[in-house]
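Have a look at the structure below before the remarks.
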Amino acid sequence: MRSGEQVVSNVVASQFATHQPYGGIVPELASREHLRAILPVVRQALSEAGKSYAAVDALAVTQGPGLAGSLLVGISYAKALTFALEKPLIAVNHLEGHIHAVLLEERQKGHRELALPVLALVVSGGHTHLYLVERQGELWSYRNVGHTRDDAAGEAFDKVAKLLALGFPGGPTIDRLSGHGDGRAVKFAPSQMKHPDRKTRGRQVEVGGGRRFDFSYSGIKTAVLRYVETHQLLPSIEARRQAVASLAGPRIEDYLANCDQPTLDLIASFQQAVVEDLIEKTLAAAREYQVAGLFVTGGVAANNQLRERFDREAASAGFPVYFPSRPLSTDNAAMIAAAAYPKLLARQFAPVEFSADASMALG
Ligand code: KG4
Ligand code: ZN
């Protein structure tokens with residue numbers, strides 16, 4: 001990345017094919033694939049940028065949160081490279097990266113003076129977090145005002161997709177199949193979207209003088225399972241599992257051809273319930289904290305219905321809403337470089353002894 005704004009190259013190595021047969025990420029396989037990919041990916045990024053290692057001013061790497069094994073591969077490699085090249089190293093929080101994907105693209109559109117604070121919904125396979133985002137000089141600050149108490153929204157998409165034999169990752173498939181079903185067909189009770197916090201018995205605790213807006217998506221996953229059992233959908237799931245197992249790379253048309261209407265209605269209703277819950281809580285937090293705008297970012301921000309409804313409902317609530325482009329919604333390196341740039345300007349470099357932090361908090 002040049003000047004915190006121009007993406008000179010952005011190489012993404014996907015591991016989905018490796019994890020697909022297991023219906024979820026297998027940590028050991030993930031670190032092995034990282035190890036395999038890291039050298040060729042960095043070489044390709046430099047070659048697409050037409051740059052040598054020596055021409056780089058600084059390197060940035062993700063410190064956490066994430067799978068420790070995968071984080072360590074990146075950190076060890078980045079440390080070795082910066083040591084050999086005598087360049088500074090910047091440690092970045094993955095969630096901060098998702099927020100900077102939005103800031104980066106707004107700068108690219110010439111929108112440099114965003115009104116602050118903004119409320120950022122970071123919604124991915126591992127997180128459903130709300131942050132108040134502000135700026136202090138060069139550096140950005142984040143305050144968490146909500147998080148999931150159990151499953152992340154993307155995790156719920158993936159687990160429901162696994163249950164319904166829709167492949168992995170489930171989000172993009174559920175997104176596209178939902179257009180073929182009736183989102184009002186299956187009603188999920190609001191209690192299925194709430195999980196009482198054991199420590200506070202469900203009260204929205206005040207922390208640092210502000211209300212919290214927590215999420216919970218494990219209940220709806222169980223509700224989908226109950227629905228499948230009580231509506232005798234298991235035989236059709238099994239038939240679909242066998243039909244797509246014989247295909248090398250099942251496409252959306254293959255899933256569609258193997259889904260009956262009750263299944264499509266269930267898929268659409270699940271997605272609608274999650275989308276409505278995300279929007280409702282985010283807008284409630286936006287009103288509470290009187291923010292100037294909203295960011296919606298992370299893998300699930302690629303979801304079509306989430307984007308359309310957020311656009312509409314945030315506009316009618318008086319909040320401008322910003323999304324990253326779809327390629328920058330899911331994990332990528334450009335967002336990590338974008339988050340690192342203000343730290344480079346502030347010369348906030350990582351100490352040599354820093355290590356992976358699998359559950360790293362932001363703010
Ligand atoms: O941010 P990301 O690429 O990786 C993590 O940091 O977790 O997010 C991946 C998650 C997966 O759970 C995937 O199913 C979900 O984002 N996802 C979607 C869509 N595209 C990706 N969920 C719903 N609709 C989509 N179109
Ligand atoms: Zn992510």
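Nothing fancy with the numbering, it's 1 onward along the sequence. Since the model is a prediction, treat every value here as computed from it, not as a measurement. Start at 1 and go down the list; that is how both ligands and their atoms are numbered. For the numbers below, each heavy atom of this structure counts, side chains included, while hydrogens, waters and symmetry mates do not.
The closest approach between a heavy atom of H98 and any atom of ligand 1 is below 4.0 Å.
Taking the six-membered ring for Trp and the full ring otherwise, the centers of F157 and F270 sit less than 6.0 Å from each other. Taking the six-membered ring where the residue is Trp, the centroids of H34 and Y77 are separated by 6.0 Å or more.
Salt-bridge annotation for K281 and D277: present, with a side-chain N of the basic residue lying under 4.0 Å from a carboxylate O of the acidic one. Look at E5 and R112 and you find a salt bridge, because one of the NZ, NE, NH1 or NH2 atoms lies within 4.0 Å of a carboxylate O, short of that distance. With respect to D57 and K87, no salt bridge is recorded, no charged nitrogen being found less than 4.0 Å from a carboxylate O. Under 4.0 Å is where a charged nitrogen must lie from a carboxylate oxygen, and between K109 and E105 no such pair does.
Within H98, NE2 is the N, O or S atom that lies nearest to the Zn ion (ligand 2).
Annotation for E86: atom CD does not count as buried by contact number, only 12 or fewer foreign heavy atoms lying within 6.0 Å.
One finds an angle of 100° at the Zn ion (ligand 2) between NE2 on H94 and OD1 on D331, to the nearest 10 degrees.
Among all non-hydrogen protein atoms, the one lying nearest atom 8 (O) of ligand 1 is G299 CA, 3.3 Å. Taking atom 26 (N) of ligand 1 as the reference point, the nearest protein heavy-atom neighbour is D175 OD2, 2.8 Å. Here the protein heavy atom with the shortest distance to atom 24 (N) of ligand 1 is N303 ND2, 3.0 Å. At the shortest separation from atom 2 (P) of ligand 1 among protein heavy atoms lies D331 OD1, 3.3 Å. Atom 9 (C) of ligand 1 has G125 N, 3.7 Å as its closest protein atom, hydrogens excluded (heavy atom only).
Numbered from 1 in the order shown, with element, the atoms of ligand 1 that lie under 4.0 Å from a heavy atom of G126 read 7 (O). Here is the list of ligand 1 atoms found below 4.0 Å of a heavy atom in T330: 3 (O). The atoms of ligand 1 that sit less than 4.0 Å from any heavy atom of P169 are 14 (O). Of all atoms in ligand 1, numbered sequentially from 1 with element shown, those under 4.0 Å from a heavy atom of G154 are 12 (O).
Using a 3.5 Å distance cut-off with no hydrogens or angles, the side chains of N303 and R309 do not pair a donor with an acceptor.
Nearest-heavy-atom check against atom 6 (O) of ligand 1 across H94, R326, Q271 picks out H94. Of the candidates G171, G170, G97, the one placing a heavy atom closest to atom 25 (C) of ligand 1 is G171.
The side-chain tip of K79 points at the ring of F354 from less than 6.0 angstrom away and within 45° of straight on.
Only the side chain of D158 comes within 4.0 Å of ligand 1, judged by heavy-atom distances.
A perpendicular orientation is assigned to the rings of H94 and H98, their planes being inclined by more than 60° (bins at 30° and 60°).
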